[in-house]
Every structure is written in C-alpha cells, then in structure tokens.
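Scroll down for the structure; my scribbles are underneath it.
First the proteins, then the strands, lettered A, B, ... as listed; each starts at 1.
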There are 2 protein chains.
Amino acid sequence: MIATRKLVDAGRSASPEETRERILAAAREVIGRKGKRGATTREIAEVAGVNEATLFRHFGSKESLLVACAQHFCGHMQLADVASQLSGNVAEDLLVIARLMHARFESLQDMIRWSFVEQDYDSDVFAATAWRPQLAILTVLTQFMQRRIDAGELQGEAHKIAMVFLGIVFMHVMGKKKFPDSPLHGDPDKALRFYIDVFLNGVTKR
Amino acid sequence: MIATRKLVDAGRSASPEETRERILAAAREVIGRKGKRGATTREIAEVAGVNEATLFRHFGSKESLLVACAQHFCGHMQLADVASQLSGNVAEDLLVIARLMHARFESLQDMIRWSFVEQDYDSDVFAATAWRPQLAILTVLTQFMQRRIDAGELQGEAHKIAMVFLGIVFMHVMGKKKFPDSPLHGDPDKALRFYIDVFLNGVTKR
DNA sequence: TTCGCATGCAAGTACCCACTTGCACTGGTC
DNA sequence: GACCAGTGCAAGTGGGTACTTGCATGCGAA
C-alpha cells in the first residue's frame, strides 16, 4: 500500500487553495493544447494530479472552471506603469510598448488563440474574458498614438494606426508556428525594432 | 406519405457528385461555426439535407470528410494571374494584391481561423491543408517585394516586409469580429489604401 | 420491364464525456 | 481523543457522438 499512500499524501499535503491553483494551471495548459471543447475534465484533473471528483467539488462544472481560468489568467492587468517608462522619443517609447505587448501576447498565446475562434456564437464568457487583455493593450496604444499625433510627431488617426501596430506585433507572435521558417522569429527585440522602423518610416526607398 | 415522398425525391434528384458537393459545403459551414471538434456529422448531414449514413457512405469517416473539405476549398489556387494585372506603380500594384489577399482571407476566414488553432500537435492534415493558401499568398507577396527591392523602389528584406504586409491585412480580416467598433471595418478598399500608405510611408509626420 | 445504384430510414453499438455518489482515509483543530 | 473538511477512489448515470447495418424505395440505364 506504499504506492497508494504516496498518492494520497501528495493530494493531502496541499491546501485547498493550492489545489485550486493547480487545477487552474492545468486547465490553462490543456486548453492551450486542445481548446475549450477538446479539453476534458479528465485530462485537466490528470495534469493537475488531482482526482476528477475534486475538480468538480471545486468548480461545480467544466464551464465554471473555464471561466474561472480565463479570469484568473486574463483578468485585470496593470498596464498603467508603462507611462512611467516612456522617454519622449517615439521610437524608444514604441519599443517599450511593443516589448510589453510581445510579452503579454507570448505568455497568453494559447488562451488568446482559442478565444480567437471559440467566439461569441454562444455568448461565450470564456472567450470574452480571454480577449480582454488585447482590448486593454489597444486602449493604451491608442492613447499613446493620440498623444504623439497631438504633439505633431505622428500623423493619421490614433485608433487606426494603433490597430496597424497591434496587428503587426500580434501577427508576429501568432505567426511563429505558422511561418516557422521566417527569419523574423530569431531575436524578438530585433524583430520589434524592425517593425517599429517600418511602422514609422515605411518601406519606400528614399 | 407525400411529405416522405418529397424528402426522398429531394435526395434522389441530385447526382452522387452533387450530394458530395452539398456535404462538403455543409461541412465547411458547420466547421466555420463550431470548429473541427465541435462540428458533428449529424449537423453536417442535416445542413446538407442528406441522411447521416449517406455522409459516411461517401467519406468513410469524419476525419476523411474534414480533410476532403480542406482540400476542396483550400486546395491549389490560381494566383499567377495577378502578375498580368500589375501596372508598375507600387502603390497600385500593392492594392491589387491586397484586394486579392483580402478576398481570399475573407472567403476562407472560418477555415483559416480554425486552422490557426487546431494546429500540428496532432500532425493535423486538416489544419495544414487549410493553411496552405496563406503560404501561397506569402510566396507571391515575397516575390513581388523582391522585384521592387531589386528595382530600387523598396528597401528592406523581401520576406520580412512581406510578412509585415501580410500581417496587417490578415489582422484586418481576423479583427473584424474582435474589434467590431474599429472605424477601419467600413469600406474595405479604403482600409486597404490606408494600410498601403502606412506600409509605404510610415506614420511619422513630415 | 428489369436491375442496380444511390439514398432514406430506423435501430443499434461502442465509446467518451460531464457530472454524481457513497465510502474510506487523513491531517489539522478543538 | 473526537471531529471535520478536503481528498482519493470506484462505480455509475445519462446523454452525445462516430459509425454500422439491414431493409425499403425510386431513378436511370440496359
């Protein structure tokens, strides 16, 4: 019974909060691989090292677990501190913002990918929650652009050029697996600098 | 038995090829809404107006149907004729290509969205096939950029700036549902011209 | 007319999934 | 020491899903 003992102890050693955390982390991992539909409670429990019944005792239903998962990992994020890092130089500031975007996209990539498709056809709370960070970033980006336009440094409409910049960085992250042989996916910082250069100056030869 | 008669006749009136076509179209439609996993053979058959057994008699298995569907709609496309429409003016030519990209992305949007997430973790033939048109477009785009660089009109590396342009247009299509209140999603042609302007000249105020 | 092929229809099989339940165990709290 | 909350475990339930099968039907070709 030693083996049984060990397993039991492993479960027992953690507090309920720790158990909850493990389940949420496992859910995120499995959803990243299989998606909302493809993720089974069985596999999530297995990855979490927890009995399936425990999962339901914690979250009640699969749907509740997924929503809790999206809220846990994609909830309110602190973006305000970006402003303090800005120097005044447009290119440098854009790099700061781009790094932030890149990091966020990268770390939430799997969730975002699925929120991209499993959309609102079902008034999907999960997808809406998982997409929130992107909207937040777009807001920050738009505000930044507006300020630079007002200062006479950039031209165009703030939300439009913000969308372009967001699209470029977003596509960079999402494209890693889809265009794996692209030379852009070596040094991320280098790629970001390149994008900023194109964004600011265009590709026309002068 | 008139009702039964009608249904039967509806099925009978079509040739096996037509039946096959209807099933493929239905599969595409349902996959677009529910995804590969979420699409059930029952619903596909229902949408196609055929019996579920007929679906299996045609395609053998759901997986075979999905692969056939991807091949049918995302198979080899004729892109070569773009070259004949090019004028020599970079901005105008980019608009021609962008319109083509936009139309393709738009019409294949649902399939592409799903191929985006249900990726190769399962050596997924469906996803690989559905993604092929994007790779084809990137190739055309890269070649175009290379020619313009060689002609001294553009600067940078062809594949890199091609990726940027692709990303912008791709994000435009994919973002329609995710950023519904963006002013870019009114007149597509206007948006494409705007993207091309930013791509060529940047957003820096001169 | 006759025959075969494509289909409809209904029933069924085997599996998987979300979710439940009852019981046993244990570690910490009083 | 007694109790209890949190967990493991095993079995089970009900519904959905892919896929099969046997038979009836009718259209079109021989």
Take the protein atom [atom1] of [X] and the nucleotide atom [atom2] of [N], then report the distance between them rounded to whole Å.
X     : N      : atom1 : atom2 : result
B:E63 : D:dT17 : CD    : C1'   : 15 Å
B:I23 : D:dA18 : CD1   : P     : 14 Å
B:E18 : D:dG28 : CD    : P     : 12 Å
B:K62 : D:dT17 : NZ    : C1'   : 8 Å
A:R37 : C:dA18 : CZ    : C1'   : 14 Å
A:E46 : C:dA18 : CD    : P     : 13 Å
A:L65 : C:dC19 : CG    : C1'   : 13 Å
A:I44 : C:dC17 : CD1   : P     : 11 Å

N or O in side chain of B:T41 less than 4.0 angstrom from D:dA18 OP1/OP2 = yes

At under 4.0 Å, does any side-chain N or O of B:T19 touch on OP1 or OP2 of C:dT7?
-> yes

Using a strict cut-off of less than 4.0 Å between a Lys/Arg side-chain nitrogen and an Asp/Glu carboxylate oxygen, indicate whether [X] and [Y] qualify as a salt bridge.
X      : Y      : value
A:D110 : A:R113 : yes
B:E29  : B:R33  : yes
B:E63  : B:K36  : yes

Centroid-centroid distance, B:W131 to B:F126, less than 6.0 Å | no

A:R99: side chain to side chain contact (heavy atoms under 4.5 Å, CB included) partners, not counting sequence neighbours = A:L95, A:D189, A:L192, A:R193

Per A:R42 side chain, nearest of listed nucleotides D:dC19, D:dT17, C:dA18 = C:dA18

Under 4.0 angstrom, heavy atoms only, what part of the nucleic acid is A:A39 near: base, sugar-phosphate, or nothing?
-> sugar-phosphate

Could you list by number each residue of residues 51-61 of chain B showing a heavy-atom separation from DNA chain C of less than 4.0 Å, or answer none if no residue does?
-> B:N51, B:A53, B:T54, B:R57, B:H58

Gap between atom OG1 of A:T142 and atom CG of A:L166 - 0.5 Å precision = 8.5 Å

Quick one: side-chain hydrogen bond (donor to acceptor under 3.5 Å, both in side chains) partners of A:Q71, sequence neighbours excluded?
-> none

